[in-house]
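For reference, the structure is listed below as structure tokens.
Along the sequence shown, residues are numbered consecutively beginning with 1.
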Amino acid sequence: MPGEFSNKVAVVTGGSRGIGREIAVELARAGAQTVIVSSSADNLASAAKTIASAGLAPLTITADLRTLEGCQQAFDAVRDKFNQCHILVCSAGATRAGNFTELPDQAWIDGYALKLFGCVRMCRLFWPLLKAAQGSIVSIGGGAARSPGADFSIGASVNAAMGNFSKARLSSASTMA
């Protein structure tokens, strides 16, 4: 619905490709000022054109959300530019597929660092702005959390962790300051 999110700021991690980009397009189409975050400047530039054709041009932030510094960089940019956030969509995080016994530790570390810890950090950083705006957090996981495949052990376990984090976050939200 056009205008439904007018005067709202929506931050979408992983907003340069896939589900994140499509969510950002729909938010822009509904009137939101979108902010897309990705580690790829090239992907951000391409996504920005698509999103701008649906609504307001997005603010693009190139940051590595696997690190606290990257999450802080994204938060600082939004706070400095808008000083508000109404919607945080955590959709960053592609994980490596493969045989469980052959996946190196670094593939597991990267999968959890981006999808789970990136989401946790972004939620903690953005919490004051979201609380002030009575905003919302949307965490994008996958069905593999409930129905894992043999070659998707990292993605399945990270998605399950995301689901549990989201439930825990919801149950403790009323006690968070």
Side-chain angles (χ1 to χ4, degrees), residues 1 3-41 43-44 47-48 51-52 54-93 109-141 145 158-177:
M1 166 175 277
E4 182 179 0
F5 291 106
S6 293
N7 302 314
K8 306 287 186 201
V9 175
V11 176
V12 183
T13 70
S16 69
R17 297 184 319 138
I19 293 169
R21 183 176 70 185
E22 294 311 310
I23 290 170
V25 166
E26 292 306 316
L27 286 165
R29 186 170 284 125
Q33 171 59 66
T34 58
V35 177
I36 56 174
V37 186
S38 172
S39 61
S40 169
N43 289 345
L44 282 169
I51 294 164
L56 297 171
L59 172 65
T60 61
I61 302 169
T62 305
D64 183 355
L65 299 183
R66 293 176 299 170
T67 68
L68 176 58
E69 295 78 18
C71 294
Q72 185 71 54
Q73 175 188 343
F75 171 74
D76 290 346
V78 172
R79 184 199 57 217
D80 294 349
K81 175 92 173 167
F82 303 111
N83 199 34
Q84 60 181 337
C85 180
H86 300 87
I87 303 165
L88 173 62
V89 178
C90 296
S91 64
I109 291 166
D110 286 345
Y112 273 84
L114 179 56
K115 190 161 189 125
L116 179 63
F117 289 111
C119 178
V120 169
R121 290 171 178 145
M122 293 294 280
C123 288
R124 283 194 320 229
L125 288 164
F126 278 89
W127 187 260
L129 295 179
L130 290 162
K131 187 173 179 183
Q134 297 181 348
S136 299
I137 300 169
V138 178
S139 302
I140 305 297
V158 171
N159 285 330
M162 285 286 293
N164 283 315
F165 167 66
S166 295
K167 289 174 190 168
R169 186 184 69 230
L170 285 172
S171 65
S172 65
S174 63
T175 62
M176 296 176 129

_If you count heavy atoms of other groups shown closer than 6.0 angstrom to CG of Leu56, is the number above 12?_
yes
*Any idea which heavy atoms bring Ala113 and Arg121 closest together, and the distance?*
O-NH1, 4.5 Å
*Point-to-point distance, once rounded to the nearest 0.5 Å, from CD1 of Ile87 to OG of Ser136*: 6.5 Å
*Is there side-chain contact between Val158 and Leu114, with at least one heavy-atom pair below 4.5 Å?*
no
*Distance from Leu27 atom CG to Lys8 atom NZ, nearest 0.5 Å?*
12.5 Å
*Rounded to the nearest 0.5 Å, how far does OG of Ser139 lie from CZ of Phe165?*
6.5 Å
*Within a strict 4.5 Å, meaning less than it, do heavy atoms of the Ile23 and Ile140 side chains meet?*
yes
*Measure across Cys85 and Val11 and return the closest heavy-atom pair with its distance rounded to 0.1 Å.*
SG-CG2, 3.8 Å
*What's the shortest heavy-atom distance between Lys115 and Met162, and which atoms?*
O-SD, 3.2 Å
*Could you note down all residue pairs passing side-chain hydrogen bond (donor to acceptor under 3.5 Å, both in side chains) where residues 72-82 supplies at least one of them, sequence neighbours left out?*
Gln72-Asp76, Asp76-Arg79
*Which atom names give the shortest non-hydrogen contact between Leu65 and Cys71, and what distance separates them?*
O-SG, 3.5 Å
*Which salt bridge (charged side-chain N to carboxylate O under 4.0 Å, His left out) pairs, counting each pair once, include a residue from residues 57-74, with sequence neighbours left out?*
Asp64-Arg66, Arg66-Asp110
_Distance, nearest 0.5 Å, that separates CD1 of Ile36 from CD1 of Ile51_ = 4.0 Å
_With a 3.5 Å distance limit and no angle check, can you tell me whether Gln33 reaches the backbone of Ala57 through a side-chain donor-acceptor pair?_
yes
*Atom pair SG/CD1 of Cys123 and Ile137 - distance to nearest 0.5 Å*: 4.0 Å
*Please test Leu59 against Phe82 for side chain to side chain contact (heavy atoms under 4.5 Å, CB included), starting from the C-alpha separation and ending with a verdict.*
CA-CA 10 Å; Leu59 172 65; Phe82 303 111; 3.8 Å; yes
_Can you confirm if the aromatic rings of Phe75 and Phe126 lie within a centre distance of less than 6.0 Å?_
yes
*How would you list, by chain and number, every residue that makes a side chain to side chain donor-acceptor pair (under 3.5 Å) with Thr13, sequence neighbours excluded?*
none
_From CA spacing to verdict: side-chain hydrogen bond (donor to acceptor under 3.5 Å, both in side chains), Ser16, Ser40_ = CA-CA 8 Å; Ser16 69; Ser40 169; 5.8 Å; no
*How many angstroms lie between CG in Asn7 and NE2 in His86, if you round to the nearest 0.5 Å?*
8.0 Å
*So, for Ser91 and Gly20, which heavy atoms are closest and what is the spacing to 0.1 Å?*
OG-CA, 3.3 Å
_Surrounding CZ of Phe117 (heavy atoms of other residues, nucleotides or ligands, distance under 6.0 Å), is the total greater than 12?_
no
*Taking side chain as C-beta onward, heavy atoms only, is Val37 less than 4.5 Å from Leu44?*
no
